[in-house]
S.K.: 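Here you go, one structure.
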Amino acid sequence: MNYRKLYILFLLVLFSCREHREEAPHSIEINDSTQLKTEVSVSEISEIEQVLIQYGLVDIQKIDSTIRIDVKYATTENFMHKVLYANYSRVYLQKEVAERLKKCQSALKKKDSTLSLLVYDGARPLFVQQEMWDGMDTIPIPERTKFLSNPKSGSLHNFGCAVDLTIVDVKTGKPLDMGAGYDDIRKIAYPRFETYYLQLGELSPYQINNRKLLREVMKVGGFWVIETEWWHFNAYSRDKAKELFEIIP
């Protein structure tokens, strides 16, 4: 009887070990699956974003998650009517510039907590700038440069030192009325012609006040608007940007 008991005990131990060995491949599959998911998530980062990260730029929403974004060049809602940022819908800037933008957002929130900055574009690789430039080749260069920097000299967007944006009502999700849309190349979009169009009645005091509010809060972060686009703000001069940063190829 003792030998029989020992034999039964031996069989129980043997089957128990066998069950554990059969479970081992299942455990390995789980680990492999987890690793695969990690690899997929990394591969989902677009080529453009990988380049921006490589050049030391940062996602502005990681600096301030309250800033809203609507990347127009990741859609067809732009002057080119085509997607220029494939599989990419974030906004990157130089870290110093993103920190300054955070100050602008805070300044806006102090004035009216129901409002937020809404960013359309930030850092832009040079190859995209070239595609934009070529897409406007029917416009003479002197006129074209009022709206778009020549890729030969580079835009401040190409250094991650410029930002296109507006103000949005967070309750309705609608941008404030600026009297002209984003990427509008008409002179009514020029800040320097605001008084002229106000006198014509084509811009209202409300629309101009919205533009002034945007300029006021952006000034807190040391940004200034350019003369031909109410939405475009620079953080540095081109010479200073070249001194501090590399152009994004």
S.K.: Nearest heavy-atom pair of Leu198 and Ile208: which atoms, and what distance?
M.R.: CB-CD1, 3.6 Å
S.K.: Could you list the cluster mates of Val220? Members are the ILVMFWY residues connected by side-chain heavy atoms closer than 4.5 Å, either directly or through other members.
M.R.: none
S.K.: Identify every side-chain donor-acceptor pair in residues 63-70 under 3.5 Å, counting partners at least two apart or on other chains, and give the distances.
M.R.:
unit_1: Asp64; atom_1: OD1; unit_2: Thr66; atom_2: N; d: 2.9
unit_1: Asp64; atom_1: OD1; unit_2: Thr66; atom_2: OG1; d: 2.6
unit_1: Thr66; atom_1: OG1; unit_2: Gln105; atom_2: NE2; d: 3.0
unit_1: Asp70; atom_1: OD2; unit_2: Lys72; atom_2: NZ; d: 2.9

S.K.: Of the non-hydrogen atoms in Phe223 and Leu101, which two are nearest, and what is the gap between them?
M.R.: CE1-N, 3.8 Å
S.K.: Is there a donor in the side chain of Tyr120 and an acceptor in the side chain of Asn78, or the other way round, less than 3.5 Å apart?
M.R.: no
S.K.: Any chain of hydrophobic side-chain contacts (each under 4.5 Å) joining Leu84 to Ile248?
M.R.: yes
S.K.: Return yes when atom CD of Gln130 has more than 12 non-hydrogen atoms of other residues, nucleotides or ligands closer than 6.0 Å, and no otherwise.
M.R.: yes
S.K.: What do you reckon, is CG of Leu126 surrounded by more than 12 foreign heavy atoms closer than 6.0 Å?
M.R.: yes
S.K.: With Glu131, which residues qualify under salt bridge (Lys or Arg N to Asp or Glu O under 4.0 Å), at least two apart?
M.R.: Lys82
S.K.: Keeping to residues at least two apart or across chains, list the salt bridge (Lys or Arg N to Asp or Glu O under 4.0 Å) pairs with something in residues 168-178.
M.R.: none
S.K.: Please, which pairs that meet salt bridge (Lys or Arg N to Asp or Glu O under 4.0 Å) have at least one residue in residues 132-142, sequence neighbours excluded?
M.R.: none
S.K.: Return the set of residues passing salt bridge (Lys or Arg N to Asp or Glu O under 4.0 Å) with Glu99 (not counting sequence neighbours), or none when no residue passes.
M.R.: Lys95
S.K.: Within a strict 4.5 Å, meaning less than it, do heavy atoms of the Val83 and Tyr73 side chains meet?
M.R.: no
S.K.: With distance as the sole test, does His157 use its side chain to make a donor-acceptor pair with the main-chain N or O of Gly122 at under 3.5 Å?
M.R.: yes
S.K.: Any side-chain donor paired with an acceptor under 3.5 Å for Asp121 and His232?
M.R.: no
S.K.: Using salt bridge (Lys or Arg N to Asp or Glu O under 4.0 Å) as the criterion, list what pairs up with Glu47, not counting sequence neighbours.
M.R.: none
S.K.: Considering residues at least two apart in sequence or located in another chain, which fulfil the side chain to side chain contact (heavy atoms under 4.5 Å, CB included) criterion with Leu176?
M.R.: Leu115, Ile167, Met178, Tyr206, Asn210
S.K.: Are any of the side-chain nitrogens in Lys187 or Glu227 under 4.0 Å away from the carboxylate oxygens of its partner?
M.R.: no
S.K.: Is it true that, when you exclude Lys103 itself, more than 12 heavy atoms of the residues, nucleotides or ligands shown sit nearer than 6.0 Å to its NZ?
M.R.: no
S.K.: For residues 144-151, please give each side-chain donor-acceptor pair under 3.5 Å, one per line with the distance, not counting sequence neighbours.
M.R.:
unit_1: Arg144; atom_1: NE; unit_2: Met136; atom_2: O; d: 3.2
unit_1: Arg144; atom_1: NE; unit_2: Ile139; atom_2: O; d: 3.1
unit_1: Arg144; atom_1: NH1; unit_2: Trp133; atom_2: O; d: 3.0
unit_1: Arg144; atom_1: NH2; unit_2: Ile139; atom_2: O; d: 3.2
unit_1: Thr145; atom_1: OG1; unit_2: Ile141; atom_2: O; d: 3.2
unit_1: Thr145; atom_1: OG1; unit_2: Pro142; atom_2: O; d: 3.0
unit_1: Lys146; atom_1: NZ; unit_2: Glu143; atom_2: OE2; d: 3.1
unit_1: Ser149; atom_1: OG; unit_2: Arg238; atom_2: NH2; d: 3.3
unit_1: Asn150; atom_1: OD1; unit_2: Lys152; atom_2: N; d: 2.9

S.K.: Will you find, in the side chains of Glu246 and Tyr55, an N or O donor that is under 3.5 Å from an N or O acceptor?
M.R.: no
S.K.: Please determine if Arg100 forms a cation-pi arrangement with Tyr236, meaning its NZ or CZ atom is less than 6.0 Å from the six-membered ring centre and no more than 45° off the ring axis.
M.R.: yes
S.K.: Checking Lys219 now: which residues fulfil side chain to side chain contact (heavy atoms under 4.5 Å, CB included) with it, not counting sequence neighbours?
M.R.: none
S.K.: Suppose we screen for side-chain hydrogen bond (donor to acceptor under 3.5 Å, both in side chains). Which residues come up paired with Glu243, at least two apart in sequence or across chains?
M.R.: Lys240
S.K.: Please tell me whether Leu165 and Tyr190 are part of a single hydrophobic cluster in this structure, the criterion being side-chain heavy atoms less than 4.5 Å apart.
M.R.: no
S.K.: Could you tell me if the side chain of Leu214 sits less than 4.5 Å from the side chain of Leu117, heavy atoms only?
M.R.: yes
S.K.: What pairs with Trp231 under ring-ring contact (aromatic ring centres under 6.0 Å, His included), at least two apart in sequence or on another chain?
M.R.: Tyr182
